[in-house]
Amino acid sequence: MREASSYPLIRTDQLTKCYRAGRAEVHALRGVTLTIERGEYVALMGPSGSGKSTLMHLIGCLDSPTSGTCEINGQDIARLNDVELARLRNREIGFVFQTFNLLPRLSALANVQLPMIYAGTRPRERTRRARELLTLVGLEDRMTHKSNELSGGEMQRVAVARALANQPALLLADEPTGNLDTRTGQEMMALFDHLAEQGNTIIVVTHDAGVAGHARRIIRLRDGMVEAE
Amino acid sequence: MPFLDLLKLSLQTFRTHKMRSFLTALGIIIGVMTVIAIISLIQGMNQEVERQISSLGSNTIFVQKFAWGMGQIDFDEIGRRPDLTLADAEAIARLGSIAKVAPQRSRSVNRITYRGNKATGVEVTGATPSIAATANIKTEAGRFINSNDSLRKRAVCVIGGQVVDDLFPDDNPIGKRIDIEGKRFTIIGVLERKGSFMGQSQDNNIIIPLATFTKYFPLPRSRRGRVFRGISIQVMPRKGVPLDRAIDEIRELMRRRHGLGYDKPDDFGINTQDTLREMYQNLTRVAVIVMIAVAGISLLVGGIGIMNIMLVAVAERTREIGLRKALGATSRTVLWQFLLESVLLSVVGGLIGVGLGIGIAAIAGALIHMDAAAPFWVVLLGFGFAAGVGIFFGIYPASRAAKLNPIEALRYE
């Protein structure tokens, strides 16, 4: 898969996803075709129910499509098994969640190391890299704090550092400012802008136009389809 | 993912849930503790009993009015049996396969005094000198009874160490005269000490010549009294004679002497060390089965406790599991993490249980004056069982954790 760089980072073709909610069948995605290249800074916008979360889950290899294809680096995720998907999530994708999802009793340093533990990185290298990343997100003096001793903005910075741990091809952020106040949210977006300038591929899922405004490309979803670019 | 990291992950949970982990492991702790303590005590008792049984002399045969055994004793039937006599003993002694014959009678005496000192509950045995060989008796000081003492029905006695302690705390007993139920006896020797068995001293005894015994303590009239106080005969076969052959010869002789037809059962008992060993084994077999059942149940309960708490942990940490999967944990890694937690819980519980069990056995053993022995295989067994329970009852919660859908797990509130 090393020549995979000749493929676009993400390519979906007539991607659909439906699932059952009780007796009703919900068509979350109704044929999404899009391509995202390396180095892009994309905002995925849409009202709730538009399918943007479902699309994010598929791109993040957390779910499998009903029909159509979703390729990451040219690999069709429908054809991958549990171990291969886990590996893809671990190495190629860095998640940033609205609710941070840090392990509360662990230090910031330990939280950032988590993906590297699953990647099998040596402890010494893990610690070195985690320090480097926490410094990058401006938390050099908070490294040994437990995550439940941190403020919301600090927690989200730890989450960003964690997402970058294995140098993923893609940073996937789901409403990253949703639980932050306006000022902290702006700081967070500034951090994303900075990371995008450094060449990271970033997809921000949001319904906040202000947040989406930071991206260089905006994809609007409505009723499970791409409404506008 | 390296094993060491998995281990650290699992240990983290215990650090954060100390109390809960301890309570969960408690079932295992109690189960393993019970097994170890009981097996240690039974093993200790086995060793002690074996030592006792062996001290009877491996090929001594005991001819008595009844056969040793368990269950209901029919005293009426046994009481109607003919008493064993000195003539029986002499007849047995004439058998070609027999080396030594020692007829004896004994009773418990509660009033033995020397000046102000008193000894109680003393087993007084009337015996012939040959009992030294059949019962493996040695004297520590003075001499044992001899045939002259018997012949002249001398009022002499050889006393056990406990009697020495009670009557002569700081005096040489040899040559002193003691009072046994109003009769005066001269001490001619002191028996070598045998120590205690299950907390009971075995040196609280006195041996006097059988003829003297019969003169002073005639056979009681009641049938029941005669069963226990009549003559019993200890027999030692010649060297090289198989025990079975000697037993067969004695049985044949006794049946002839009692005029029993071929279709009549024995009206006497021929007992050996093996009879006793068998009795003991029958007795402890029940104890062992009960113990295994108790331990099994408590391990089962402990295991269910572990499963319960692991299911709670899986539910409680659903989001964490979802997150770990999103960060690159495979289903297998999640499975191992939770399985390792339950195995660690039960193994650590097992360790504590082994320690407590050995401690309890040692304390209980000391209280009943017995050495408890925890053989290494028991420790391994307890430990292995604990680990097995951890795996068995941990696999279901762990596989539930592993199968969680990451999206649903992440959304879980």
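Proteins get letters first, then strands, A, B, ... in listed order; numbering begins at 1 in each.
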Are the side chain of A/R89 and the backbone N or O of B/K325 linked by a donor-acceptor pair below 3.5 Å?
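Yes, because the side chain of A/R89 sits within donor-acceptor range (under 3.5 Å) of the backbone of B/K325.
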Is there a donor-acceptor pair under 3.5 Å between the side chain of A/N90 and the backbone N or O of B/L327?
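At least one qualifying donor-acceptor pair exists.
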Minimum heavy-atom separation for [X] to [Y], with atom names?
X: B/A329; Y: A/A86; value: O-CB, 3.8 Å
X: B/A326; Y: A/F97; value: CB-CZ, 4.0 Å
X: B/R411; Y: A/H57; value: NH2-CE1, 3.7 Å

Might you confirm whether atom NE2 of A/H207 has over 12 heavy atoms from other residues, nucleotides or ligands at distances under 6.0 Å?
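For A/H207, atom NE2 is not crowded (no more than 12 foreign heavy atoms under 6.0 Å).
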Under 6.0 Å from the CZ atom of B/R332, do we count more than 12 heavy atoms belonging to anything else shown?
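Count not over threshold, so no.
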For A/L106, which atoms come within 4.5 Å of any heavy atom of chain B: side chain, backbone, both, or neither?
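For A/L106, side-chain heavy atoms alone lie under 4.5 Å from chain B.
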Measure distances from A/R91 to the heavy atoms of chain B and classify the residue's part below 4.5 Å as side chain, backbone, both or neither.
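When you check distances to chain B, no heavy atom of A/R91 falls under 4.5 Å.
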Inter-chain contacts: residues 393-408 of chain B against chain A, heavy atoms under 4.5 Å:
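Listed by number: B/N405, B/P406, B/I407.
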Given B/R324 and A/L114, is the side chain to side chain contact (heavy atoms under 4.5 Å, CB included) satisfied, shown in steps?
CA-CA 8 Å; B/R324 285 182 186 279; A/L114 216 51; 3.7 Å; yes
Does the side chain of B/T330 come under 3.5 Å of the side chain of A/R87 through a donor N or O and an acceptor N or O?
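No - no donor-acceptor pair under 3.5 Å links their side chains.
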How far apart are the C-alpha atoms of B/R319 and A/T99, what are their side-chain angles, what is the distance that settles it, and do they pass the side chain to side chain contact (heavy atoms under 4.5 Å, CB included) test?
CA-CA 11 Å; B/R319 269 179 83 91; A/T99 51; 2.9 Å; yes
